[in-house]
Amino acid sequence: MRDGSFATPPDLPDSAEGGTQVAHQHHEPPSFLSRYIFSEDHKTIARQYLITGILWAVVGLSMSVIFRLQLGFPTMKLGFLSPILGKWVGENGQLDPEFYLALVTMHGTIMVFFVLTAGLSGTFSNFLIPLQIGARDMASGFLNMLSYWFFFLASVVMFSSLFVETGPSAGGWVMYPPLSALPEAIPGSRLGTSLWLGSMALFIISQLLGGINYITTVINLRTRGMSFSKLPLTIWAFFLTAILGLISFPVLLSAVLLLIFDRSFGTSFYLSEIYIKGEALPNVGGSPILFQHLFWFLGHPEVYIVLLPALGISSEIIATNARKPIFGYRAMIASMIGIAFLSFGVWAHHMFVSGMNPFLGSIFMFLTLIIAVPSAVKAFNYITTLWRGNIRFTPAMLFCIGFVSFFISGGLTGIILGNSALDIQLHDTYFVVAHFHLVMGAASAFGLLAGTYHWFPKMFGRMMDERLGYVHFWLTFVGIYLVFFPMHYLGIAGFPRRYYAFTSYDFTKNVFGDMNSFITIAAVVTFAAQWIFVYNFINSLIRGRRATQNPWHSNTLEWTTPIRPGHGNWPGELPAVYRWPYDYSKPGADEDYIPQNIPYSQTLSSNLPHETEQIPTETAIEAQNLNDQFKQPH
């Protein structure tokens, strides 16, 4: 491979089992740029995604705190933010109303796309797919590198919009026309929106490059014996997520390109009969509803593009720390496939108030309620796996349990909103904000945090501080419920979304004032708790306790590599796989875990009858794929 990529790490022997010599060991060491910046090693790229995602999470959450201060304390003077926000804080110390809308827009965009999509899937798909299927690297290291740098470039373009004179995009993260299609609509619809659209086009290219790589790698580069029925649930989740993205993101790209044409080239895909200051624009024949259809055809699969990786991560961590086989392995796979399939048939439940035909709305309502079934299967199987398990409450395990809690509580409110009659009343209220922040935002973020705590030793060779992890979990878990549970009441009471202030009427001030203040205080405390994680992350990188090879006593293949695997992952032959990844606490076994690469012939005392029958196939498994250049010893 390029740049001596399969060279053995310095602390490893120069030969593998059987005397196979390590290839390329006399090559010159790679430069700093090729090793850490423009690396083609999937592990380095995963770390780049993770660190970039954490930085964007800090930016996105900071924005949410600023507009929560505005909502919780509408008369508060925010002059202390002037050094950061500049002219967007007026002379009277009040936040500019248009900039409030820009903050909401940028917060939503950053958290959904740059943190929960790229930060979560980009990190763990890159890191775990080759390690857990027994591959040297991704199918194309070069495309993998390009996928990260397109994402990074997209983030730079998006960040630059914060500094343009007219401000960043203020049309909402959904970017509905005509507000986003007319540069003269509001100041944020000028250059800020153009930069938003350009950033999203670059981001979509990144996701498509990554998705093609993930799918190709899972299909073609599985090691000897690694059939689809032996894949960890993490890999199933990443595989299905990549398929979702590959199908749905091009639709968003088409929506973005048509919007650019309307803004810059005088077309009318989304515009018709528009009047500005009493004058009719020449645009006729378009429909803003077309944009909604295109956007939400990506938008609802996007919910599962960020949820499925968290579901897969939680499956692995819960089974490992409950010391039990995952309950209903095949049912879990079937439910993820069902979720992926049904997610393409429910997009218009976001459009019940758009004037659609009620009969058509009833079809989407039915499909929306049906998708709750595979989701319930996932929740049931998690709870059953935990039931009577010998649970180890590591920080990663706590975040997974918190994930399941958010997934259930947020999902239940989704059933309410899936009913079109109820959704029409609740659609533009804080009930919707509470729902999607619980089931999509908080749940997926907990999946990201759980994965970071669990695989930090394999990523960086050191352990994170568990005591700080516990404090981080409890402050975050309780804080999120204190922020979003009251919003359900606000929504039922009629409090609308996207309002800069609610002080114009006495009834809104008296009814909503105290609760908004309480939510804001809870949000500030929850945000402050995230700095515990940031400190723990950085401090553990530098001074954390050195990790052992398999600190969690897990079964999957990544823990069979050296503590800090080099580019190529295994210094000798790739391991062969003989069993599924969830042989925990098996009666008759010497240990309470049996890694996937241990043959059945070595575990006779714990074999079930059908497993003993697999022993004659071990020779055939060991002989598989030896003519594949990607799977040769290095």
*Asks:* Tell me whether the centres of the aromatic rings in F537 and F456 are closer together than 6.0 Å.
*Replies:*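 F537 vs F456: aromatic centres under 6.0 Å.
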*Asks:* Between OG1 of T123 and CG of L50, what distance do you get to the nearest 0.5 Å?
*Replies:*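 Output value for this atom pair is 4.5 Å.
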*Asks:* Any side-chain donor paired with an acceptor under 3.5 Å for T394 and E466?
*Replies:*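 There is no such pair (donor and acceptor under 3.5 Å, judged by atom type) between the side chains of T394 and E466.
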*Asks:* Report the relative orientation of the aromatic rings in F114 and F203; use parallel for angles under 30°, tilted for 30 to 60°, perpendicular for over 60°.
*Replies:*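 Rings of F114 and F203: tilted, as their planes differ by 30° to 60°.
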*Asks:* Just by distance, no angles: are the side chains of T234 and Q132 close enough, under 3.5 Å, to form a donor-acceptor pair?
*Replies:* yes
*Asks:* Would you list the pairs meeting salt bridge (Lys or Arg N to Asp or Glu O under 4.0 Å) in which at least one residue belongs to residues 397-414, sequence neighbours left out?
*Replies:* none
*Asks:* I'd like to know whether the aromatic ring centres of F152 and W56 sit less than 6.0 Å apart in this structure.
*Replies:*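 Distance test on ring centres: not under 6.0 Å, no.
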*Asks:* To the nearest 0.5 Å, tell me how far H435 NE2 sits from I415 CD1.
*Replies:* 10.0 Å
*Asks:* Can a donor-acceptor pair be found between the side chains of N126 and Y214 at a distance below 3.5 Å?
*Replies:* yes
*Asks:* Kindly determine whether F127 and E558 satisfy side chain to side chain contact (heavy atoms under 4.5 Å, CB included), including the steps that lead there.
*Replies:* CA-CA 9 Å; F127 190 74; E558 73 269 26; 5.7 Å; no
*Asks:* Side chains of S248 and E302: is there a donor and an acceptor less than 3.5 Å apart?
*Replies:* no
*Asks:* Check for me whether the distance between the ring centres of F446 and F399 falls short of 6.0 Å.
*Replies:*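 Here the rings of F399 and F446 have centres that are less than 6.0 Å from each other.
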*Asks:* Give a yes or no on whether the ring-centroid distance for F151 and Y49 is below 6.0 angstrom.
*Replies:* yes
*Asks:* I want to know whether H427 and F352 have ring centres closer than 6.0 Å.
*Replies:*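 Not under 6.0 Å, so no.
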*Asks:* Might you confirm whether atom CG of D592 has over 12 heavy atoms from other residues, nucleotides or ligands at distances under 6.0 Å?
*Replies:*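 Correct, the count exceeds 12.
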*Asks:* Parallel, tilted or perpendicular: which describes the rings of F113 and F249, with under 30° parallel and over 60° perpendicular?
*Replies:*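 Tilted: the ring planes of F113 and F249 meet at 30° to 60°.
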*Asks:* Assign the ring pair H107 / H437 to parallel, tilted or perpendicular, where the plane angle (0 to 90°) is split at 30° and 60°.
*Replies:* parallel
*Asks:* Are Y481 and F406 close enough that their ring centres sit under 6.0 Å apart?
*Replies:* yes
*Asks:* Quick check on F341: does its CZ atom have over 12 non-hydrogen neighbours (other residues, nucleotides or ligands) under 6.0 Å away?
*Replies:* no
*Asks:* About how many Å separate CE of M487 and CG of L482, when rounded to the nearest 0.5 Å?
*Replies:* 11.5 Å
*Asks:* Check this for me: Y470, atom OH, are more than 12 non-hydrogen atoms of other residues, nucleotides or ligands nearer than 6.0 Å?
*Replies:* yes
*Asks:* Just say parallel, tilted or perpendicular for the rings of F477 and F473, cut-offs at 30° and 60°.
*Replies:*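 Parallel, since the angle between the ring planes stays under 30°.
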*Asks:* Indicate, with yes or no, if the rings of H300 and Y304 have centres closer together than 6.0 Å.
*Replies:*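 Yes - the distance between ring centres of H300 and Y304 falls below the 6.0 Å cut-off.
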*Asks:* Just by distance, do the side chain of Q70 and the backbone of I66 share a donor-acceptor pair under 3.5 Å?
*Replies:* no
*Asks:* Quick one about Y584 and T320 (side-chain donor to acceptor, distance below 3.5 Å, no hydrogens or angles considered), yes or no?
*Replies:* yes
*Asks:* Can you say whether the rings of H472 and Y453 are parallel (under 30°), tilted (30 to 60°) or perpendicular (over 60°)?
*Replies:*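 Correct class here is tilted.
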*Asks:* Distance-only check: which donor-acceptor pairs under 3.5 Å involve side-chain atoms of residues 99-106, not counting sequence neighbours?
*Replies:*
from	atom 1	to	atom 2	distance (Å)
Y100	OH	Y499	O	3.2
T105	OG1	L101	O	2.9
T105	OG1	G172	N	2.7

*Asks:* For the CZ atom on R392, are there more than 12 heavy atoms of other groups (residues, nucleotides or ligands in this structure) within a distance under 6.0 Å?
*Replies:* yes
